[in-house]
Colleague: 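This structure is in structure tokens; I'll ask about it shortly.
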Amino acid sequence: MTEKQMVDVFILGKKYSVPSTLTIMDAMEYAGYQLIRGCGCRSGFCGACATVYRTKGDNELKVVLACQSKVEDGMYLTQIPFFPGKKAVYDMEKIEPTAETMGEMYPELYKCIGCNSCTKGCSQGLNVMQYIAYAQRGEFEKCAEESFDCVGCGICATRCPAGITHFNVGLLARRITGKYIAPKSEHLDIRVQEIEEGRMAAELDELMSKSIDELKDLYNHRDITK
Amino acid sequence: MYTAEMRELIKKVEATRSKRLGHDFPRLSPEAKLEILKKNHPDYIESGFRTINLGVNKGEKVPLELANLIEAKSRIEMDKINLEKIDHDVDVLIVGAGGAGASAAIEAVKTGAKVMIATKLRFGDANTMMAEGGIQAADKADDSPAKHYLDVMGGGHFTNVPELVKALVQDAPEAIKWLNDFGVMFDKEEDGTMLTNHGGGTSRKRMHAAADYSGAEIMRVLRDEVRNLGVEVVEFSPVVELIKDLDGKVAGAILFNLETEEYSVVKAKTVILTTGGAGRLHYQGFPTSNHYGATADGLVLGYRVGAELAFADTIQYHPTGVAFPSQIFGALVTEKVRGLGATPLNIDGEQFVYHLETRDIEASAIINECKVNKKGINTPTGEVGVWLDTPLIDIIHGEGTLEKRLPAMYRMFKKFGIDMTKEPILIYPTLHYQNGGLLINEFGETKIENLYVAGECAGGIHGRNRLMGNSLLDIIVFGRRAGKNAGKRSKSVVIKDLTLGHVADYHKELIKNGIETDRVSPLLLPRYRHGADK
Ligand SMILES: Cc1cc2nc3c(=O)[nH]c(=O)nc-3n(C[C@H](O)[C@H](O)[C@H](O)COP(=O)(O)OP(=O)(O)OC[C@H]3O[C@@H](n4cnc5c(N)ncnc54)[C@H](O)[C@@H]3O)c2cc1C
Ligand code: SF4
Ligand code: SF4
Ligand code: FES
């Protein structure tokens, strides 16, 4: 391997020289930080590590996930440790899958000015403004699909002039879709009922009464569907 | 981005593809399985283990790193703790806020109990959030809880506690329904039929998924539900010790505020440990797929109050961790990738093992191919791996399948310049799951009064090896059971004076057994320097 290439980054204003192959998160640790906030799954799933940076000579502020982005020379970094976001409280059993419901929970939705800052910032590359538009119109299924890969990092909400907490809006749309709009799974209801009525018990009890050797034999000869 | 040499090697993969297509590689016989396990699986590497010298499991072997944490002192300085000053007084204290903790909270609230969650990181920063592949349940016509039972027992090499497996498979369809009714968006066909797949070791297609965000989707819905219920959640405050009362019942916990470094006292009628796994202990130097806080804290806390460990010497190494690019080294490549038809290949582009063996066998075969047969592919950072032929997925199921069914995986590789629909990826086993834990019964109870355990922290359900999709299932099934039972039980509990006498006793036991150490535990957070110390 060629010699380690180093780059200079600035963490909370202090300069550190770190290997160019590291992610931002690894670079902070390389510099000696032990992370408490701003670190979770380390794999791009939890949204804990939103990090703001600006590169020398560029005045645009960018926001990325620290565990999913490589360091670059001249990065000025700071983490968003916690970004307060509004969450409506609701009872899923009583909620109605209509646009009015969404509007009551999140009235600020209708203050969207279409600036598209949310979309431009999204760490997952989602079309956030679009899913907000779907939510406004009560098109929950579309909103659900468009927002499905959201990791709740909160970057969109840091930028919204209308004060919308996009990730919570998407979440409500998905829950409504999962519960009320997606087709019902009949086979699931049937099976739950069969179990409740004890109709699956005999087969299970019989297996449980077998010796380990008998079980092994059954296991090694069980049929496996394609 | 692949190097030029790697791109040359990929040509060999492409050259053999049409020959391999449509021909399943033969499965291993039971004897061949045992042999490959013994030769390669980290659980069989004796130097990775030692016996513990005190406590209930004295004389039994556990991984070295865990043994060191068990044979360590408490983090707390006893004279700094005032047990008379109660900061929180609740019915049920849940330790940990992953899927098991959230499920337990929801059910405990239903019993009318006052519930509190204390967690080390943020609510939901947990292994649950990262689970991609899916969750098992026998809810289709060609399947049954009994078939599921046999698969679980076989997967666990018939060492599982049968009653726990029974509870697992019997509650499974109900668990899926419970999640679906909360609004979890499972993948379905137009008519509502759940889309289900095989996982390693399953005899029926019973793996339910929500794209490859299965765990994230479950976790964010459960978290939202817990918030709707108004449960108090204290974040960045790990439990560092359990409290008992004068009867010896568990009666609360000491929290440590990670930022202010202050301690607080929680008095609770029942306590549920749901602290998850141990990946961040990096047993035998393996990389891990686990979240940052997975440091086996619950095992240490439980052991110190006298709860028994079961199967603590068995660890799951996921066969497919990322071997390249280095930035995501050790991250998980979900088993669903193999479920959808991607196969492992060596440096010559040849398959060497059936792609849907159980995880321990599959991982052992990959280690064998790299370390014994020396047919792995070397990466620029000095790691080794084998190919996983991911382009097969679209070839078998039609173009666009991979991107639709594995969006997170696709995105992760794409960020680092690899298009897995066109090029194979490089993989090597990664430390993934703690098969064992604190022994529970089917009510989620340990033998220590009022101490419950659920989720990855619990032991017995999976025996010596867990099948994919049964962990997301067990956190729901046993999380709910523990929550319900702890909630009900809390109504009749009368707590006597609180004490940390067991901690003092533990320290005495250490000395009595000749263990002199400055180590403290639980670990709470790992420390990484990425080579800065060298
Ligand atoms: C990358 C990955 C993919 C996976 N894919 C699948 C899959 O497809 N299917 C499947 O079935 N399983 C899968 N698993 C396994 C499964 O997701 C986990 O085993 C399961 O989610 C564990 O849930 P849990 O609630 O027990 O623990 P976790 O979800 O890990 O939660 C543990 C919680 O405890 C907290 N905690 C830890 N220590 C303390 C302390 N001292 N005090 C207070 N709180 C503490 C943590 O912060 C966290 O909130 C996967 C695991 C990983 C890592
Ligand atoms: S939609 Fe917002 S919260 Fe969700 S991933 Fe994108 S930026 Fe993050
Ligand atoms: S940032 Fe806010 S106001 Fe701008 S487009 Fe997005 S939702 Fe609308
Ligand atoms: S740490 Fe979870 S997204 Fe980066």
Side-chain angles (χ1 to χ4, degrees), chain A residues 1 19 21-23 26 29-32 34-37 39-46 48 68 70 87 89-92 124 144 148-149 151-152 171 174-179 182-189 191-192 195 200 203-204 206-208 212 215-216 218-220 222-225, chain B residues 30 121-122 124-125 129-130 139-142 144-146 149-150 153-154 158 162 166 170 173-174 176-177 180-185 188 190-194 203-205 211 213 216 220-221 224 227-228 236 258-259 291-292 326-327 331-332 380-381 407-408 412 415 525 527-530 532:
Chain A
M1 213 186 124
T21 50
L22 298 181
T23 62
D26 295 345
E29 291 172 334
Y30 183 93
Q34 185 178 32
L35 301 171
I36 295 177
R37 289 186 182 250
C39 181
C41 67
R42 305 181 76 105
S43 284
F45 279 97
C46 74
Q68 294 294 293
K70 270 210 259 185
K87 182 195 134 36
V89 169
Y90 38 81
D91 178 347
M92 282 304 287
Q124 291 283 83
F148 191 79
D149 295 2
V151 294
L171 178 58
R174 288 193 302 274
R175 289 193 66 178
I176 288 178
T177 304
K179 183 172 176 65
K184 300 267 165 281
S185 304
E186 222 177 301
H187 62 92
L188 180 61
D189 294 343
R191 180 53 46 83
V192 169
I195 291 173
M200 308 307 281
E203 195 190 359
L204 193 55
E206 200 199 317
L207 270 186
M208 288 190 71
I212 298 276
L215 271 188
K216 278 187 183 162
L218 283 172
Y219 180 76
N220 290 331
R222 75 205 199 286
D223 77 302
I224 300 175
T225 53
Chain B
L121 301 167
R122 286 187 320 171
D125 282 350
M129 192 61 104
M130 311 167 72
D139 54 30
K140 291 203 158 161
D142 70 342
S144 70
Y149 180 92
L150 191 59
M153 292 297 285
F158 306 95
K166 180 183 179 185
Q170 225 172 25
E174 159 74 14
I176 299 287
K177 188 168 159 50
N180 195 145
D181 289 347
F182 280 142
V184 168
M185 285 177 58
K188 295 180 181 182
E190 305 262 303
D191 66 353
T193 308
M194 293 270 179
S203 63
R204 290 289 180 275
K205 292 185 176 177
Y213 285 98
R220 59 197 181 187
V221 167
D224 195 48
R227 287 181 177 154
N228 281 342
F236 299 103
L258 283 176
E259 280 140 339
H291 83 102
Y292 187 53
S326 64
Q327 289 86 0
L332 188 76
T381 39
M412 178 167 87
K415 272 190 184 150
L525 294 173
R527 180 144 202 133
Y528 295 112
R529 292 308 306 275
H530 306 281

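Note on naming: letters A, B, ... go to the chains in the order of the sequence lines (proteins, then strands), and numbering restarts at 1 for each one. When reading the values below, keep in mind they use all heavy atoms of this one structure, side chains included, and skip hydrogens, waters and symmetry mates.
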Colleague: If you count heavy-atom pairs under 4.5 Å with chain A, which of Arg227(B), Met130(B), Met412(B), Lys205(B) comes out on top?
Modeller: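 Going by pairs under 4.5 Å, I would pick Met130(B).
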
Colleague: Within the structure provided, determine whether Cys46(A) and Arg122(B) are in side-chain contact (heavy-atom separation under 4.5 Å).
Modeller: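 Heavy-atom side-chain distance check passes, below 4.5 Å.
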
Colleague: Counting heavy-atom pairs under 4.5 Å with chain B, which one of Asp189(A), Asp91(A), Val151(A), Leu171(A) comes out on top?
Modeller: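 Winner by heavy-atom pair count: Leu171(A).
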
Colleague: Provide the closest heavy-atom pair for Tyr213(B) versus Gln124(A) in the form atom of the first, atom of the second, distance.
Modeller: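 Scanning both residues, the minimum pair turns out to be OH-NE2, 3.0 Å.
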
Colleague: Return the CE to NE2 distance between Met194(B) and His187(A), rounded to the nearest 0.5 Å.
Modeller: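 Result: 5.5 Å between the selected atoms.
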
Colleague: Run the salt bridge (charged side-chain N to carboxylate O under 4.0 Å, His left out) check on Asp125(B) and Arg42(A) step by step: do they pass?
Modeller: CA-CA 10 Å; Asp125(B) 282 350; Arg42(A) 305 181 76 105; over 6 Å; no

Colleague: Below 4.5 Å, heavy-atom pairs only: which of Ile36(A), Thr23(A), Ile212(A) has the largest tally toward chain B?
Modeller: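 Heavy-atom pair counts peak at Ile36(A).
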
Colleague: NE2/His530(B) to CG/Asp26(A) distance, rounded to the nearest 0.5 angstrom?
Modeller: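 Between His530(B) NE2 and Asp26(A) CG, I get 3.5 Å after rounding to 0.5 Å.
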
Colleague: Looking at Ser185(A) and Gly192(B), would you say the former's side chain and the latter's main chain have a donor-acceptor pair under 3.5 Å?
Modeller: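 Yes; at least one donor-acceptor contact below 3.5 Å.
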
Colleague: Does Arg37(A) form a side-chain contact (heavy atoms from CB on, under 4.5 Å) with Leu258(B)? I'd like the steps, not just the answer.
Modeller: CA-CA 10 Å; Arg37(A) 289 186 182 250; Leu258(B) 283 176; over 6 Å; no

Colleague: Of the backbone (N, CA, C, O) and the side chain (C-beta and beyond), which part of Met208(A) lies under 4.5 Å from a heavy atom of chain B, both, or neither?
Modeller: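 For Met208(A), the contact with chain B is made by backbone and side chain together.
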
Colleague: Can you measure from CD1 (Ile195(A)) to CD (Gln170(B)) and round to the nearest 0.5 angstrom?
Modeller: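 These two atoms lie 6.5 Å from each other.
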
Colleague: For Leu207(A) and Ala146(B), which heavy atoms make the closest approach, and how far apart are they?
Modeller: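 Shortest heavy-atom contact: CD1-O, 3.2 Å.
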
Colleague: Flag the pair Ser203(B) / Asp223(A) as yes when at least one side-chain heavy-atom distance between them is below 4.5 Å, and no otherwise.
Modeller: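 Not in contact.
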
Colleague: Let me know if Asp191(B) has heavy atoms under 4.5 Å from chain A in its side chain, its backbone, both or neither.
Modeller: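 For Asp191(B), the contact with chain A is made by the backbone alone.
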
Colleague: I need the Arg191(A) CZ to Lys177(B) NZ distance, nearest 0.5 Å.
Modeller: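 So the CZ of Arg191(A) and the NZ of Lys177(B) are separated by 14.5 Å.
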
Colleague: Among the options Lys166(B), His291(B), Arg204(B), Lys140(B), pick out the one with the most heavy-atom pairs lying under 4.5 Å from chain A.
Modeller: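 Top option by heavy-atom pairs under 4.5 Å: Arg204(B).
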
Colleague: Strictly by modelled atom types, are Asn180(B) and Lys184(A) linked by a side-chain donor-acceptor pair under 3.5 Å?
Modeller: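 Short answer, no.
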
Colleague: Please classify the contact of Ile176(A) with chain B as side chain, backbone, both or neither, using a heavy-atom distance under 4.5 Å.
Modeller: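 Neither; nothing under 4.5 Å.
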
Colleague: Given heavy-atom pairs under 4.5 angstrom as the criterion, report whether the side chain, backbone, both or neither of Pro145(B) touches chain A.
Modeller: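 Backbone plus side chain of Pro145(B), per the 4.5 Å heavy-atom cut-off to chain A.
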
Colleague: Measure the spacing between CZ of Arg175(A) and CG of Asp181(B) and express it to the nearest 0.5 Å.
Modeller: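 Nearest 0.5 Å value for the CZ-CG distance: 11.0 Å.
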
Colleague: Within the side chain of Arg527(B), is there an N or O that forms a donor-acceptor pair under 3.5 Å with the backbone of Gly32(A)?
Modeller: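 Flag set: sc Arg527(B) to bb Gly32(A) pair under 3.5 Å.
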
Colleague: So which part of Ala141(B) gets closer than 4.5 Å to some heavy atom of chain A, the side chain, the backbone, both or neither?
Modeller: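 Backbone only.
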
Colleague: May I ask you to decide if Thr193(B)'s main-chain N or O and Glu186(A)'s side chain share a donor-acceptor pair within less than 3.5 Å?
Modeller: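 Judged by distance alone, no pair lies under 3.5 Å.
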
Colleague: Using non-hydrogen atoms only, which part of Glu206(A) is less than 4.5 Å away from chain B: side chain, backbone, both, or neither?
Modeller: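 No part of Glu206(A) comes within 4.5 Å of chain B.
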
Colleague: Highest number of heavy-atom pairs under 4.5 Å with chain A: which of Glu190(B), Met185(B), Met129(B)?
Modeller: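 Sorted descending by pairs with chain A, the first entry is Met185(B).
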
Colleague: Checking heavy atoms, do the side chain of Val221(B), its backbone, both or neither come under 4.5 Å from chain A?
Modeller: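 Both backbone and side chain.
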
Colleague: Counting heavy-atom pairs under 4.5 Å to chain A, which of Glu174(B), Met153(B), Lys415(B) comes out on top?
Modeller: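 Most heavy-atom pairs within the cutoff with chain A belong to Lys415(B).
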
Colleague: Could you tell me which portion of Arg174(A) (side chain, backbone, both or neither) has an atom closer than 4.5 angstrom to a non-hydrogen atom of chain B?
Modeller: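 Both parts, heavy atoms under 4.5 Å.
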
Colleague: Treating Tyr219(A) as the side-chain partner and Phe158(B) as the backbone partner, does any N or O pair qualify as donor plus acceptor under 3.5 Å?
Modeller: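 No, because the side chain of Tyr219(A) does not come within donor-acceptor range (under 3.5 Å) of the backbone of Phe158(B).
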
Colleague: Nearest 0.5 angstrom please: Leu525(B) CG to Cys39(A) SG, how far?
Modeller: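 Reported value, rounded in 0.5 Å steps: 8.5 Å.
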
Colleague: Please state whether the side chain, the backbone, both or neither of Asn220(A) comes within less than 4.5 Å of a heavy atom of chain B.
Modeller: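 For Asn220(A), side-chain heavy atoms alone lie under 4.5 Å from chain B.
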
Colleague: For Leu218(A), which atoms come within 4.5 Å of any heavy atom of chain B: side chain, backbone, both, or neither?
Modeller: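 When you check distances to chain B, atoms from both the backbone and side chain of Leu218(A) fall under 4.5 Å.
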
Colleague: Think Arg220(B) forms a cation-pi with Phe45(A), using NZ or CZ under 6.0 Å from the six-ring centre and within 45 degrees of its axis?
Modeller: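 Arg220(B) over Phe45(A) ring: no.
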
Colleague: Quick check on Lys188(B) against chain A: is it the side chain, the backbone, both or neither that has a heavy atom closer than 4.5 Å?
Modeller: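 Only the side chain of Lys188(B) comes within 4.5 Å of chain A.
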
Colleague: Hey, which of Met92(A), Arg222(A), Met200(A), Lys70(A) has the most heavy atom pairs under 4.5 Å with chain B?
Modeller: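 Ranked by heavy-atom pairs under 4.5 Å with chain B, first place is Arg222(A).
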
